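Counting starts at 1 for both ligands and their atoms, following the listed order. Source: prediction; values computed, not measured.
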Amino acid sequence: MILPRHAFFRGAIVPYSEARVGVMTHALHYGTGVFAGMRGYWNPEEQELFVFRPRDHFRRFLESARLLRMELPYSEEHLTGALTELLRTELYREDCYIRPLAFYADETIGVRLHDLTPEVSIVAFPYGSYVVNEEGVHASVSAWRRVDDNAIPARGKIAGSYVNSALAKSDAQAAGFDEAIVLNGDGHVAEGTAANLFLVKNGVAITPPITDNILEGITRRTVLELLQRELKMTVSERSIDRSEIYLADEAFYCGTGIQVAAITRVDHRPIGAGRMGPTVSALRKLYFDIVRGRAPEYRRWCAPVYEGERDFARPDRTEDAPAASRGGAPPPLRVAR
Ligand code: PMP
């Protein structure tokens with residue numbers, strides 16, 4: 001993996017080597033951090049780097065932070081501005097992955113969420129595919145169950161809860177599969193280890209509801225819109241039984257990392273014809289055009305990094321819901337190159 005050259009850390013852009021924490025850091029011991037994962041897509045025709053739906057990602061990031069009772073001195077606008085500065089400093093002209101993190105930085109012992117101070121960092125690094133075979137993933141239903149809302153809320157992107165994902169992912173790969181399908185405590189399908197899941201059956205696209213212990217994926221939301229508006233499909237957000245997967249016509253994962261990936265086998269059973277089906281194929285084409293800024297009607301989701309100073313952080317550049325700005329002047333941003 002190529003390390004970044006810079007990081008947004010303690011309110012400034014600093015060399016990556018300076019973005020360091022001590023071994024006593026609270027979040028390192030207790031998982032008391034939240035994070036986001038976004039992608040930047042390079043568009044060679046326009047010589048532009050587009051970040052996909054940054055405001056929606058930062059909104060979920062701030063909501064995840066609220067679940068951990070973190071009071072962050074940043075709004076979506078501040079964070080989007082900081083990200084722009086970071087990417088402009090890195091000068092990426094290729095696809096990249098972006099990782100914002102908010103964590104309790106106190107060097108102290110004691111399990112709690114109060115009387116602690118959060119810090120925010122953002123890094124970005126060049127990145128390609130998350131799975132090698134996006135057109136034919138072999139998944140297995142994991143023996144691990146998804147964290148429950150009353151244990152660690154799955155709708156938050158909480159660092160500690162990714163131990164749950166890591167257990168499922170490594171066991172799936174150790175058993176020869178590419179990815180896991182994780183069921184929730186009720187035995188219904190929740191999602192992958194870092195991706196949401198859809199089935200297609202008799203022309204209807206089905207995905208678990210947000211009350212089934214899933215992360216409310218930005219890609220899931222994107223896909224729900226594309227299935228209805230572009231592919232004219234009926235979508236259903238409802239609980240899914242495990243055996244419905246085995247009998248589906250098509251299945252796919254979606255998420256920032258995995259993008260849109262066809263699941264063609266589950267537990268050694270072929271899904272549908274055992275190869276990527278027409279819905280996933282059409283969706284992938286749409287998705288890759290959209291994220292690279294090539295679909296005019298979805299340009300609102302693509303935030304250009306290099307176009308116009310600070311344009312990226314314009315308050316009117318909304319993606320979906322209105323920005324939940326806390327207002328006020330952004331904290332000072334220093335750039336140390
Ligand atoms: N579920 C989990 C557990 C994830 O970690 C991710 C990746 N963030 C997703 C779903 C997909 O979310 P998104 O589309 O917002 O990347």
Tell me whether [X] is salt-bridged to [Y], with the criterion being a basic N under 4.0 Å from an acidic carboxylate O.
| X | Y | result |
| --- | --- | --- |
| Glu45 | Arg294 | yes |
| Glu135 | Arg284 | yes |
| Glu216 | Arg221 | no |
| Lys285 | Asp289 | yes |
| Glu191 | Arg146 | yes |
| Arg299 | Glu48 | no |

Give me the nearest non-hydrogen protein atom to [atom] as residue plus atom name, then the distance to 0.1 Å.
| atom | value |
| --- | --- |
| atom 14 (O) of ligand 1 | Thr219 OG1, 2.5 Å |
| atom 8 (N) of ligand 1 | Lys157 NZ, 2.8 Å |
| atom 5 (O) of ligand 1 | Tyr162 OH, 2.4 Å |

- Task: Check whether any N or O atom of Gly192, backbone or side chain, sits under 3.5 Å from an N or O atom of ligand 1, and answer yes or no.
- Result: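 In this structure, Gly192 places no N or O atom under 3.5 Å from an N or O of ligand 1.
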
- Does an N or O from Arg220, backbone or side chain, lie closer than 3.5 Å to an N or O of ligand 1? no

- Out of Ser165, Ala194, Cys254, Gly257, indicate the one that has the non-hydrogen atom closest to atom 6 (C) of ligand 1.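 The option holding the nearest heavy atom is Ala194.
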
- Item | Option with minimal heavy-atom separation from atom 10 (C) of ligand 1, where the choices are Arg155, Arg146, Glu191 |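 When every heavy atom of Arg155, Arg146, Glu191 is considered, Glu191 comes closest to atom 10 (C) of ligand 1.
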
[X] neighbourhood, listing ligand 1 atoms whose heavy-atom distance to it stays under 4.0 Å:
| X | result |
| --- | --- |
| Thr256 | 13 (P), 14 (O), 16 (O) |
| Thr193 | 3 (C) |
| Gly217 | 12 (O), 13 (P), 14 (O), 15 (O) |

- Within-4.5 Å side-chain heavy-atom neighbours: His268 and Phe177: yes

- Message: Testing Leu87, Ile98, Ile13 one by one against Ile122 for a side chain to side chain contact (heavy atoms under 4.5 Å, CB included), which residue passes?
- Response: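 Going through the options one by one, the only one that passes is Ile98.
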
- Query: With a 4.0 Å heavy-atom cut-off (strictly under), which part of Ala195 contacts ligand 1: side chain, backbone, both or neither?
  - Reply: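 The answer is the backbone.
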
